[in-house]
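Just so we're on the same page: letters track the sequence lines, and every chain starts at 1.
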Amino acid sequence: MAATVLTSYCCSSSLKPIDDSSKQLEETKSVKFPERARNSRRHPSRPSIKPNSPAVTRSLLALADSGCAMDSALQLFEKMNHSDTFIWNVIIRGLARNGLFSEAVDFYRRMEREGIRMDYFTFPFVIKACGELMWLTEGQRVHARLIKVGLDSDIYVCNFLVEMYFSVGCAELAEKVFEEMPQRDLVSWNSMVAGYLSAGDGFSSLGWFREMIGSGKKPDRFGVISALGACSKESCLKSGKEIHCLVIKNGIDLDVMVGTSLVDMYGKCGEVRSAEMVFHLIPLKNVAVWNSLINAYVVSGKSAESFACLRLMQEDQHMVPDAISLINVLPSCSQVGSLKECQSIHGYAFRKLLLPQVVLETSLVDAYGKCAAVRSAERLFSVISEKNLISWNTMIAVYVQNEKHEEALELFQEMCLKQYHHLKPDAITIASILPSYAELAMVNECKQIHALAAKFGSNTVISNALIHAYAKCGDLDTARRIFDRMPGKNLVSWNTMILAYGMHGFGETAIATFSQMRETGIEPDQGSFVSLLYSCSISGLIEQGWEYFNAMKSEYNIDPGIEQYGCMIDLLGRSGNLDAAREFIEQMPLPPTARIWGSFLSASRNNNDLASAELAASKISSLEHDNTGCYVLLSNMYAEAGRWEDVNRIKSLMKEKGLAKTTASCSVQIGGKSERFVYHDVSHREANMISEVLDVMLKQTGEDVKMNMKFRPVDLIKRRRGSPEGHAVRLAICLGLVSTAVGKPFVVRQNTRICKDCHRLAKKISRACNREIVVGDGKAFHHFNGGVCSCGDYW
DNA sequence: TTAGGGTTAG
């Protein structure tokens with residue numbers, strides 16, 4: 001009988017060729033349950049009343065354990081005697097092991113309904129299934145049941161309960177189960193250490209590990225791996241070293257997984273030499289260890305070593321880089337801004353059939369974006385078949401980082417419309433899109449997002465983005481209020497606040513904020529010095545700027561990056577020493593980027609040095625192809641010098657390259673509404689009134705007849721085509737003057753840099769009207785007050 | 001018949 005049953009089931013579906021296993025697995029995942037009998041008396045012919053023979057039971061076990069024959073196991077089960085608890089346990093375990101978690105819970109429910117006796121072996125995998133499904137209520141029902149049947153003190157069952165409660169995000173319940181266990185083994189302790197780590201609380205995880213050691217337990221590889229993961233997460237180098245000693249003492253230092261965790265811990269704590277040392281001591285290395293070492297180099301900014309490590313890995317005959325190897329090395333492409341390396345990794349992934357893989361694809365999108373290859377990022381993003389929230393957020397961030405704010409908003413809106421695909425913006429989406437709203441001076445939208453952000457509770461990432469957004473919208477007070485109310489200020493919060501003061505020309509306050517940060521015990525990073533040096537540059541604090549730049553290496557052991565060098569060129573330009581600025585660029589240890597030459601170009605413009613400006617423009621042109629601002633700035637300098645042939649040459653060059661001059665626009669907030677103007681704008685409903693106010697202001701400030709004698713009449717005629725008389729900023733200032741509260745400052749935003757004429761006029765208006773006028777352009781804010789500007793006439 | 005693990009994107 002048993003042989004017949006087995007033969008019939010084997011013939012039906014269970015014995016399939018080995019190379020067809022993936023298909024079998026698919027079939028298993030979509031398994032259909034056979035119709036079961038509701039009442040066995042209706043099916044008197046079924047053999048279920050007879051005890052199950054050992055051979056059939058063994059067959060059931062073999063099918064359920066095989067990993068690809070659950071359908072056959074289920075069919076066999078239906079033919080068997082259901083009163084036997086063992087066969088139910090086998091099926092529940094088999095379903096859970098095959099990832100069929102809800103089916104496992106269904107089977108347990110059926111067992112309950114049919115009144116089958118449950119034992120110690122019934123519960124563990126049902127509990128595991130509840131955890132995997134994040135079904136807290138069902139998990140608690142099972143918990144209640146096992147208390148009822150008196151199995152709640154079983155050490156296996158309790159260990160599964162601890163894990164389940166962590167999986168569903170209830171650390172307190174997990175802890176309660178652990179505390180109430182009559183006996184605990186190493187697995188119980190390890191579950192607590194691993195559970196807190198998976199909950200994202202590395203410190204609690206380490207606390208439990210210490211308690212475990214204190215209770216006299218000898219840690220095994222599982223506990224050590226979790227504890228080292230906690231050290232990596234929280235950058236606890238000291239604890240990591242202590243665990244390393246423990247590992248050597250317990251003789252598990254040669255274990256490849258323990259070794260990987262050690263390499264990872266040292267790498268993430270910035271101790272790359274120790275990571276290398278552990279790596280070399282591991283006798284049998286696998287891909288994961290290599291990947292951890294690559295990551296260690298990346299974390300320490302050692303891009304060249306990370307590329308070399310990947311190459312060495314390829315040269316090792318037994319080692320084949322996988323998707324994680326590439327994911328780990330990609331940030332190095334961003335660090336060095338190497339598009340070629342990025343493309344080469346993309347090509348390798350394609351050739352080695354590592355694509356599609358959403359994490360790798362998303363990492364590539366991010367790397368392309370950071371190498372300013374927005375089109376490549378876009379193309380790749382469009383073909384990711386399984387885009388997830390991180391993929392969308394990454395593409396939005398690529399647009400934002402590359403100042404493609406309209407595109408960022410468009411993608412964000414598309415993402416919001418795709419909510420029916422279960423894609424809901426998270427805190428990072430909100431924080432990523434805020435800079436675009438702020439850059440486009442969409443103040444009301446920023447405020448709406450601020451209101452929306454409340455649903456995320458107190459969220460540091462969002463608060464940091466809000467501080468930046470409000471500062472960018474000219475509302476420094478609200479930015480400071482958000483900063484002061486933040487419960488969890490981090491380094492980024494401080495850096496953002498320093499930058500906020502810097503962009504508004506409050507350099508001294510920026511320095512004071514940096515000192516406050518140090519007093520709270522927070523160590524500065526590269527970003528802190530970008531904020532600080534930028535602030536010194538905007539406020540013309542030349543001496544302090546140099547002091548902090550030199551202190552970076554000597555006091556804080558931080559190598560200045562390309563951005564800090566850029567700030568120093570701004571500072572040198574402000575001191576008027578263009579030769580020194582050029583020498584500084586030539587002696588930099590990093591290759592100058594377009595941003596560096598852009599700073600030199602601004603310095604040349606401010607010092608009216610056309611030859612230097614031409615040098616900068618040619619360098620920029622050789623480094624990138626679409627820098628519109630650079631051409632416009634140079635063209636304006638030629639125009640001011642009356643070199644109209646050169647103006648036309650630049651114009652033709654821009655046309656040839658398909659570059660359109662940015663349409664200058666300006667906005668001012670009036671009664672919660674943004675009023676926008678363009679050049680010579682007469683479309684505003686109050687256009688006549690604005691024009692009259694402007695006339696009065698021009699007369700009052702003596703700017704109504706402005707004859708620059710260095711121009712010949714023909715130059716003046718040509719110059720009038722772009723003359724400052726119709727500049728949008730003047731219209732916005734005039735509307736602001738008459739439409740905002742008397743005596744109160746008001747903010748004007750423009751998307752291009754303010755010209756010299758409008759800057760001079762704004763200073764005079766601020767004195768004539770005794771009003772503070774704030775004008776923000778792409779780089780910083782000009783606070784005009786009493787006839788002077790916070791920028792010190794250098795921008 | 002019962003458990004846990006390392007390297008991966010914003």
Side-chain angles (χ1 to χ4, degrees), chain A residues 57-58 60-61 64-65 84-94 96-97 119-128 131 154-164 166 185-195 197-198 220-229 232 252 255-265 267-268 282 285-296 298 321-331 357-367 369-370 384 387-398 400-401 426-429 431-432 461:
Chain A
T57 304
R58 275 199 301 276
L60 181 82
L61 194 59
D65 279 351
D84 183 359
T85 298
F86 175 78
I87 64 165
W88 288 84
N89 294 348
V90 167
I91 292 294
I92 292 174
R93 191 189 67 178
R97 280 183 174 168
D119 63 13
Y120 290 111
F121 300 102
T122 309
F123 291 96
F125 283 96
V126 185
I127 295 168
K128 185 180 175 63
D154 179 69
I155 203 158
Y156 264 92
V157 171
C158 287
N159 288 345
F160 273 91
L161 276 175
V162 168
E163 198 191 324
M164 182 270 290
F166 272 119
D185 61 7
L186 203 50
V187 178
S188 323
W189 285 95
N190 288 346
S191 299
M192 293 306 292
V193 180
L197 177 63
S198 68
D220 63 0
R221 55 213 289 265
F222 298 106
V224 156
I225 287 166
S226 297
L228 286 170
S232 298
I252 47 175
D255 179 281
V256 71
M257 286 192 189
V258 172
T260 305
S261 299
L262 280 166
V263 171
D264 180 65
M265 180 275 294
K268 291 201 173 125
I282 299 170
K285 298 177 186 66
N286 61 15
V287 180
V289 195
W290 280 87
N291 291 350
S292 292
L293 187 65
I294 292 174
N295 198 40
V298 171
D322 63 5
I324 300 177
S325 320
L326 307 187
I327 291 161
N328 284 356
V329 85
L330 274 168
Q357 206 269 40
V358 68
V359 179
L360 178 54
E361 289 166 315
T362 305
S363 304
L364 278 163
V365 168
D366 178 60
K370 288 187 175 134
I384 302 178
K387 289 184 193 73
N388 58 25
L389 184 59
I390 302 180
S391 322
W392 283 82
N393 288 350
T394 303
M395 192 62 225
I396 290 172
V398 165
V400 176
Q401 285 153 13
D426 67 355
I428 296 185
T429 322
S432 300
V461 177

Determine whether any donor atom in the side chain of A:Asn388 lies under 3.5 Å from an acceptor atom in the base of B:dA9, or the reverse, and answer yes or no.
yes

Checking all strands, does A:Phe160 fall into the base, sugar-phosphate, or nothing category for heavy-atom contacts under 4.0 angstrom?
sugar-phosphate

Indicate, with a heavy-atom threshold strictly under 4.0 Å, whether A:Ser292 touches base, sugar-phosphate, or nothing.
sugar-phosphate

Give the nucleotide from the list B:dA9, B:dT7, B:dG4 with an atom nearest to the side chain of A:Val187.
B:dG4

Assign A:Asn286 to base, sugar-phosphate, or nothing according to its heavy-atom contacts below 4.0 angstrom with the strands shown.
base

Please report, rounded to the nearest Å, how far the C1' atom of B:dA3 is from the CD1 atom of A:Ile92.
16 Å

Base B:dG6 to side chain A:Ser261, donor-acceptor N/O within 3.5 Å cut-off
no

Under a 3.5 Å threshold, yes or no: a donor from one side chain and an acceptor from the other, between A:Ser292 and A:Asn295?
no

Please state how far atom CH2 in A:Trp88 lies from atom P in B:dT1, giving the value in whole angstrom units.
21 Å

N/O (side chain, A:Arg93) to phosphate O (OP1/OP2, B:dA3) under 4.0 Å
no

Any side-chain donor near an acceptor of the partner, A:Ser261 and A:Asp264, under 3.5 Å
no

Here the distance between atom P of B:dT8 and atom CD1 of A:Ile384, to the nearest Å, is 19 Å

Between B:dG4, B:dT1, B:dA9, which nucleotide has the shortest distance from any of its atoms to the side chain of A:Ser363?
B:dA9

How would you label the contact of A:Lys268 with the nucleic acid (heavy atoms, under 4.0 Å): base, sugar-phosphate, or nothing?
sugar-phosphate

Considering every strand and a 4.0 Å limit on heavy-atom distances, what is the contact class for A:Asp185: base, sugar-phosphate, or nothing?
base

If the cut-off is 4.0 Å, is A:Asn159 near the phosphate of B:dT2, judged by side-chain N/O to OP1 or OP2?
no

Between the side-chain atoms of A:Asp255 and the base atoms of B:dG6, is any donor-acceptor pair under 3.5 Å?
no

Rounded to whole Å, the CZ-C1' distance (A:Phe123 to B:dA3) equals 16 Å

Report the nucleotide, chosen from B:dG4, B:dG6, B:dT1, that has the shortest atom-to-atom distance to any side-chain atom of A:Asn89.
B:dT1

Measure CD1/A:Ile390 against P/B:dA9 and give the value in whole Å, please.
8 Å

With heavy atoms under 4.0 Å as the rule, sort A:Asp65 into base, sugar-phosphate or nothing.
nothing

Report the nucleotide, chosen from B:dT2, B:dA9, B:dG4, that has the shortest atom-to-atom distance to any side-chain atom of A:Pro124.
B:dT2

How many whole angstroms separate atom CD1 of A:Ile282 from atom C1' of B:dT7?
11 Å

Taking the side chain of A:Phe86 as its heavy atoms from C-beta onward, which of B:dG4, B:dT8, B:dT1 lies nearest to it?
B:dT1

Base, sugar-phosphate alone, or nothing: which one does A:Val256 contact when heavy atoms must sit under 4.0 Å apart?
base

How many whole angstroms separate atom CG of A:Asp220 from atom C1' of B:dA3?
12 Å

Would you please name every residue forming a ring pair (Phe, Tyr, Trp, His ring centres under 6.0 Å) with A:Trp88, sequence neighbours left out?
A:Phe77, A:His82, A:Phe107

So is the aromatic ring of A:Tyr156 stacked onto the base of B:dT2, judging by whether the centres are under 5.5 Å apart and the planes are under 30° apart?
yes

Does A:Arg97 reach a base, just sugar-phosphate, or nothing at all? Heavy atoms under 4.0 Å.
sugar-phosphate

Side chains of A:Asp220 and A:Asn190, heavy atoms from C-beta outward: is any pair under 4.5 Å?
yes

Per A:Asn295 side chain, nearest of listed nucleotides B:dT7, B:dT1, B:dA9
B:dT7

Decide yes or no on side chain to side chain donor-acceptor pair (under 3.5 Å) for A:Ser363 and A:Asp366, but give the supporting numbers first.
CA-CA 5 Å; A:Ser363 304; A:Asp366 178 60; over 6 Å; no

Of the listed nucleotides B:dG6, B:dG4, B:dA9, the one nearest the side chain of A:Asn190:
B:dG4

Considering every strand and a 4.0 Å limit on heavy-atom distances, what is the contact class for A:Thr260: base, sugar-phosphate, or nothing?
base

Partner residues of A:Lys128 under the side chain to side chain donor-acceptor pair (under 3.5 Å) criterion, sequence neighbours left out
none

Just how far, in rounded Å, is P of B:dT8 from CG of A:Asp264?
5 Å

Does A:Lys285 make a side-chain N or O approach to OP1 or OP2 of B:dG6 shorter than 4.0 Å?
no

Looking only at heavy atoms, what is the nearest atom pair of A:Ser232 and A:Met265, with distance?
OG-CA, 3.1 Å

